[in-house]
Amino acid sequence: MSQIRDQWGSRLGFILAASGSAIGLGNLWKFPYITWANNGGAFVLVYLICIAAVGLPIMMAEILIGRSTQKSPVGAMRAVAGPAWSWVGGLGVLTGFVILGYYTVIAGWALRYFAQCVRWSLSDFSPEASSGDAFGAFAGNGVVQAALVLAFMCATVFVVHRGVGRGIERVSRVLMPILFLILIVLLLRALTLDGAGRAVGFIFRPNFADLEPLGVLEALGHSFFTLSLGMGAMITYGSYLRRSESVVRASGLVVLLDTLIALVATTIMFSVIFSVPGLEDEISGSTVGMLFIALPGLFYQEVPLGALLAPLFYLLVCFAALTSTISLLEVVSSYFIDQRNWKRSSAVLSCGAATLVLSLLCALSFGANGILTEFSLIFRGTPNAKLGLFDHLDYLASNWFLPIGGFFITLVCGWVVSRKLSEGELVDETTPSWFHYGIWRFCVRYLAPVAVAAIIIAVLLGLDFSKPLADG
Ligand code: TRP
């Protein structure tokens with residue numbers, strides 16, 4: 001362990017890599033589809049509150065723990081809080097493994113839609129081929145699904161294997177800016193569609209009668225998921241951050257970018273869905289496939305240069321997913337590198353192989369394999385029953401593991417880590433003026449843990465907190 005620790009090559013490098021981790025399928029695929037499933041408005045508002053009150057302070061907490069200890073989660077927890085707390089890091093490693101297991105399935109879909117769009121651009125676009133039914137057939141094709149997952153996992157292993165500065169940073173620097181640009185083009189086009197007004201209303205006009213208690217848990221869980229919080233990914237990335245950078249500024253920027261992209265992506269998709277006749281019904285049949293069912297039509301039938309932008313867009317979805325999967329694999333592997341003294345290459349290869357097994361099972365849970373697709377251990381009897389291995393892992397990891405991990409990380413950062421340490425990390429001459437240490441400390445000690453605990457307890461008790469608001 002005497003090697004010099006890898007570092008980000010530049011200030012932009014960290015911001016791009018951290019936002020690369022944060023911005024991913026969570027923003028482009030998951031947020032739109034859970035916003036749809038939770039009836040928009042109120043869900044989005046709760047989500048934004050969670051981001052500001054819980055997500056942002058915890059982002060700073062994770063990065064500061066990482067930078068001050070220069071260790072990945074297990075070692076970092078042990079260093080700041082003692083061996084009794086290293087299990088929090090351990091839970092993070094496990095969560096990373098689980099998320100990576102199902103995340104690569106959707107990443108594989110993006111890969112296939114990239115290839116599909118290349119084909120459409122070269123020959124002709126056929127609306128039937130991008131319908132909900134066609135999507136269902138594709139998702140149920142086991143061989144194709146397995147091949148896609150395999151391809152995506154290889155790409156992830158390749159980058160992580162190259163290390164922090166040469167692999168992760170270099171990839172993020174080029175790709176993230178292009179993604180931002182394409183999204184802006186799409187947004188400008190989508191806003192001129194007939195359904196744009198309805199879309200904006202659906203997303204931004206809260207109606208609390210529409211919000212289920214599990215929806216509140218989902219909004220909380222998603223705010224962790226989308227910011228890559230609650231499992232130490234930002235601890236790990238923070239551990240490669242230089243001392244001369246402002247933790248506060250970096251956190252603020254990453255959170256802002258992530259939130260903007262999620263809202264922009266959702267606005268684009270809903271504008272399309274509300275504009276194209278019949279699409280609404282198709283989407284409702286397969287919310288999971290929204291990103292893939294809604295957009296091809298927009299590109300090929302409405303957007304100038306769509307035949308060029310469509311393949312580029314899905315390619316960038318792949319890259320957005322890749323910058324996220326590498327952060328997940330980095331957390332899992334860095335545990336073996338830092339704590340078990342494995343060589344980087346063996347750690348990355350073994351973790352990648354282990355995850356691949358889980359990914360293959362998930363890939364078969366969209367119709368290819370009956371048992372994996374249909375078991376409903378957790379959701380039996382609930383109205384919009386989520387079925388299959390994929391949904392179960394997503395539900396467990398994002399709605400439970402991440403909030404629980406985040407809860408303990410904040411507790412440690414607020415109550416165990418000394419004020420001197422956290423203030424020293426957060427406040428110096430580079431700290432932006434909007435930041436007040438006292439408010440942050442209050443959030444981390446009281447607001448965030450109480451909010452997370454309250455939501456978890458309320459859901460455990462089966463409390464229906466949409467009722468009073470609906471009556472009033
Ligand atoms: N934040 C990523 C997304 O929105 C997913 C992700 C990457 C993640 N690394 C993570 C989620 C670590 C939780 C923890 O797509």
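Whatever order the structure lists them in is the order used to number ligands and atoms, beginning at 1.
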Determine whether the aromatic ring centres of residues Tyr314 and Phe114 are separated by less than 6.0 angstrom. no

Where does the angle between the aromatic ring planes of Phe442 and Tyr446 fall among parallel (under 30°), tilted (30 to 60°) and perpendicular (over 60°)? tilted

Going by heavy atoms in the side chains, are Arg189 and Ile268 under 4.5 Å from each other? no

Please work out whether the ring planes of Tyr103 and Phe225 are parallel, tilted or perpendicular, with thresholds of 30° and 60°. tilted

Near ligand 1 (heavy atom, under 4.0 angstrom), the protein residues are Ser21, Ala22, Gly24, Leu25, Gly26, Asn27, Ile99, Tyr103, Phe225, Thr226, Ser228, Met231, Ala233, Ser324, Ser327, Leu328, Leu402

Plane angle bin for Phe135 and Phe292 - parallel if under 30°, tilted between 30 and 60°, otherwise perpendicular: parallel

Quick one: sort the Trp87 and Trp85 rings into parallel, tilted or perpendicular, breaks at 30° and 60°. parallel

